[in-house]
Amino acid sequence: MFGPGGISIWQLLIILVIVVLLFGTKKLRGMGGDLGSAIKGFKKSVKDESAEDEGDASEALADGSQEALKEGEVEAKKENA
C-alpha cells in the first residue's frame, strides 16, 4: 500500500497488537498522559521564555531611549555653555 518495501496497514495493526499485549492498555494510557503533560510543559516554557524575551527587549528599548534623552540633554548643555 505504501510502495515497495514500505509498511502496510496490516503490518501496523500487527505491531499495535503486539505493543498492547506487551505493555497493556493501562500502562499505555499512563505513558500517553505523561507524554501529553510533557508536551504541554514544553509549550508553556517556550511561551514563557518568548514573553520574557519580549519584556526584556521592551525594557532595553525604554532604557536606551532614556539614555539617549540624557545624552541629548548633556550635548545641549555643552552647546549652550
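These figures come from a predicted structure and were not determined experimentally.
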Would you say I18 and F23 are hydrophobically clustered, going by side-chain heavy atoms of ILVMFWY under 4.5 Å?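 Yes, because I18 and F23 connect within a single hydrophobic cluster, where side-chain heavy atoms sit under 4.5 Å apart.
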
V19 and L12: same hydrophobic cluster, using ILVMFWY side-chain contacts below 4.5 Å?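 Looking at the clustering, L12 is in a separate group from V19.
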
Nearest 0.5 Å please: distance from the CD1 atom of I14 over to the OG atom of S8.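 The CD1 atom of I14 sits 7.5 Å away from the OG atom of S8.
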
Gap between atom CG of L28 and atom CG of L16 - 0.5 Å precision: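 Answer for the CG-CG pair, L16 versus L28, is 8.5 Å.
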
Sequence neighbours excluded, the answer for side chain to side chain contact (heavy atoms under 4.5 Å, CB included) partners of L21 is V17

Please list, one pair per line, the donor and acceptor atoms closer than 3.5 Å that link side chains of residues 34-45 to other protein atoms, with sequence neighbours excluded.
| residue | atom | partner | partner atom | Å |
| --- | --- | --- | --- | --- |
| S37 | OG | G33 | O | 3.0 |
| S45 | OG | G41 | O | 3.4 |
| S45 | OG | F42 | O | 2.8 |

